[in-house]
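Here is the structure we will look at.
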Amino acid sequence: MKLLTSLAAIALAVAPVALPAAASPVSAATSADGIEVTVVPSSAGVLGPDQDLVARVTVSNEGTQPVRAASTELSLGNGTVRTASEVTEWLTPGDDDDPDLGGGLASATLPDVPAGASRTVELTVPAANLPQLAAGAHPLAVRVLAGGSELAQARSVVVWAPEATLSPVRVVFAAALSTPATETGIIAASDLELYTSDRGLLTRQLDALVGTPVAIGVDPMILASIRLLGDSAPASALEWLERLEAAPNETFPLAYADTDVAAALQAGRLSGRTYLPAPESFAHLLDPADFPQGEEVAEEDEPADGPVITATPTPTPTPTPTPSVDPTAPLETDLPTTEELLAFDYTVDTIAWPAEGMVETADVAALAGSGLTPIVGSDNVVRGGGSSSGAAAVVGESPVLIADADVSALVREAALAPDSAAYQDAMARLSGSLAAVAQGSTGDGTVVLATMSRGWPLSTYRLGQVADGVDRLDQADAGTLSDALGAQSEAVTVIDSPNPPEKLQRISGMIDSEAQDATFATVANDPSRITADRRLQVLGLLGQAWNPSPDTWATAVDRFLVAGVDLRSSVQLLESSDINLFADRSFIYISVENRLDQPVTAFVSVTAQTALVRIEQQRVEVQIEPGGGNRAQIPVESLSNGTVQLRIELSSATGAAIGSPTFAEISVNAGWEGPITTTLIVVVAGLFGLGLYRDIRKRLRARAEPGETGE
């Protein structure tokens, strides 16, 4: 049988891998006093005709006392577990609802197990001693006994699979290419170089997935982050992108930055809107120097090898004058568009993949309205039939894909198995779960969707190996997303499971802040430089990579909100001092500051709170250079004496208010212009007359003095 030989080959090909403790599989065992036991059936737990049942049992003593005079006993149930959820229920440690396993089929004496040590024994049930089994998955248990008492128990599943007795289940595997969280919505060049290095995060992910039956969810942020660097992109990142583009796997797009679309929609509803954000532009991040166009002047070609051919010279025509070229002028550039930066030839482009267990009915409807089919966990829905494991479903009239939580959990356990024994143990339980699904399927079988959670281990990843192993099972084949989308749909009801209120409140705050930023940006000469950047930051903060670190995420959101306040105060009116107005017609001057890195065009409006003055131009334009200031000149006519309070407002060309209004007082002395001028003329004339008088007296005195001397 192809099943037995291929599964044996898989088991021999597994190499031990060191993974973080958090990635260790959950043992399907109960224990007492620090005694842990695991059981690994041979051939991934699949039995065929005339095949012995062999199980490898490992007992670990994590206690402080040795285990002596103990034995192991293997039991196998005659009845089958008929659904994936029943398999999970059986494998759950501490389950009190044990099926009737009958007497032990095999036993062995366990060598003494000192504290901190492990011992392994092998139990064999000859084919002739096996009970009459129905096709399907059967519960298996191994007990560790001492003095008539059970010290520990391990559980697994064995599949009795005579040929042509089960309709194969098509299993669709999906995993995301993802990166650590970012506050900017863009991956920095230095991080790209790190992630795409020989042992980098993205390289390991691609190594594990390319060429396997796994559908790859691609984060468009990775594509854009590489492409917008142009010629300055790290060579390793460009090579990685080429590998991804050439991969034969099915591909589908994640939301940009792997944003949690369900969380965004739920938070948007708090503000009365449908919020499903996407990048606006990357133009502010593009450096024209990274995208040169045109050909450089080539050096004179070296003569080619071979005989030299002398051409007959022809008369040289008179050259046509050509316009001179400034050698210092920059090369023309052709910058990529947003669409080009995000482009990818996806196999399926209508999938949305929100965070697990956090979807509401309204989210499904909103996504369907955008032409998207969301992936929803089976523990987030209630199935009409109660026991089906099919991937295709509808919520009302909205299509969804159901990720089977039980099968996915076993796939993840096998994919993250730290060693060969753990991998074989997990594969045995996975094959049993799939056999249970196959037993309940009809026709051409059921399509089951198994997904990996976000995040990646630090070492080798076995998902491709798991998918290949499942594809070799008689009761299962690897399927495609197209299989899942095209399968017979069943009606399901979503169990509304919104994100935590405090999380939604923070996201709602980001949405409101972004809207305020967009209003403010209308004062800038290039608003998209502001709005596009703030949108990318929102997308980055909505990324699912933040989910394991809610406190860190909350701090990052607070930084975003504070930055929004600072941004919206970067163009503002400066405080005006009180103004004295003596002329009937004059000007008042209002100063405006611009701390942005681009020019702005603002409009100053002044309103008098009383009718003592008339503002002759209600809205005055003022242009301010980056990091500078300017004054608006407001023409004013005095109508009567007194004190007037002025309301001063700043707005953009669209009429959007920029900042808060300020107030100033103006002291009006209407009609004083004429008397003051007359007084000044009189004073000047008097001073001139006095000077003239003194000059005349001095001259007369000078003439009189010689006569007096002659007497």
Side-chain angles (χ1 to χ4, degrees), residues 1-12 28-30 37-59 69-82 86-87 90-91 95 97-111 113 119-166 421 424-436 438-439 473-475:
M1 293 174 60
K2 70 155 186 163
L3 171 68
L4 302 180
T5 57
S6 59
L7 287 175
I10 294 172
L12 291 174
T30 58
V37 57
T38 58
V39 56
V40 180
S42 62
S43 300
V46 180
L47 281 176
D50 302 322
Q51 182 181 359
D52 296 343
L53 170 58
V54 180
R56 187 178 182 85
V57 180
T58 300
V59 178
S71 62
T72 58
E73 180 182 86
L74 182 149
S75 300
L76 185 66
N78 290 330
T80 58
V81 280
R82 309 185 68 84
E86 285 184 10
V87 172
W90 161 244
L91 296 174
D95 184 13
D97 300 326
D98 294 0
D100 181 11
L101 296 179
L105 296 178
S107 62
T109 300
L110 181 69
V113 187
R119 296 290 183 267
T120 299
V121 296
E122 194 171 87
L123 300 175
T124 301
V125 182
N129 294 346
L130 288 170
Q132 188 69 33
L133 300 174
H138 296 260
L140 177 146
V142 170
R143 296 178 173 90
V144 177
L145 307 171
S149 299
E150 181 178 302
L151 299 181
Q153 179 187 138
R155 298 179 179 184
S156 189
V157 177
V158 169
V159 178
W160 173 246
E163 291 186 7
T165 56
L166 297 174
Q424 293 177 59
D425 177 27
M427 284 299 294
R429 288 179 277 128
L430 175 59
S431 67
S433 183
L434 295 176
Q439 191 173 9
L473 294 172
D474 279 349
Q475 69 268 32

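Index from 1, following the sequence. We use all heavy atoms of the structure for the numbers below, so side chains are in, but hydrogens, waters and symmetry mates are not.
Shown here for Val37 and Val57, the closest heavy-atom pair between the two residues is CG2-CG1, 3.6 Å. Shortest non-hydrogen contact noted between Val159 and Ser431 is CG2-O, 3.5 Å. Across every non-hydrogen atom of Gln424 and Val40, the tightest pair is CB-CG1, 3.3 Å. The minimum heavy-atom distance linking Gln51 with Ser43 is given by the pair NE2-OG, 3.4 Å. Taking each heavy atom of Trp90 and Leu140 in turn, the nearest pair found is CZ2-O, 3.2 Å. The nearest pair of heavy atoms linking Ser156 to Arg429 is OG-CG, 3.5 Å.
Between the CG atom in Leu105 and the CD atom in Glu73 there is a gap of 8.5 Å [rounded to 0.5 Å]. Remark: Ser42 OG to Leu47 CG distance equals 7.0 Å, nearest 0.5 Å. To the nearest 0.5 Å, atom OG of residue Ser107 and atom CZ of residue Arg143 are 13.0 Å apart.
Looking only at side-chain heavy atoms (C-beta outward), Val46 and Asp474 stay at 4.5 Å or farther from each other.
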Expected list for residues 120-139: side-chain donor-acceptor pairs under 3.5 angstrom, two or more places apart:
residue	atom	partner	partner atom	Å
Thr120	OG1	Thr58	OG1	3.2
His138	ND1	Gly77	O	3.0
His138	ND1	Asn78	O	3.1
His138	ND1	Gly79	O	3.3
His138	NE2	Ala134	O	2.6

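Under the side chain to side chain donor-acceptor pair (under 3.5 Å) criterion, Thr72 pairs with no residue, sequence neighbours left out.
Applying the 6.0 Å contact sphere to CZ of Arg119 captures more than 12 heavy atoms from other residues, nucleotides or ligands.
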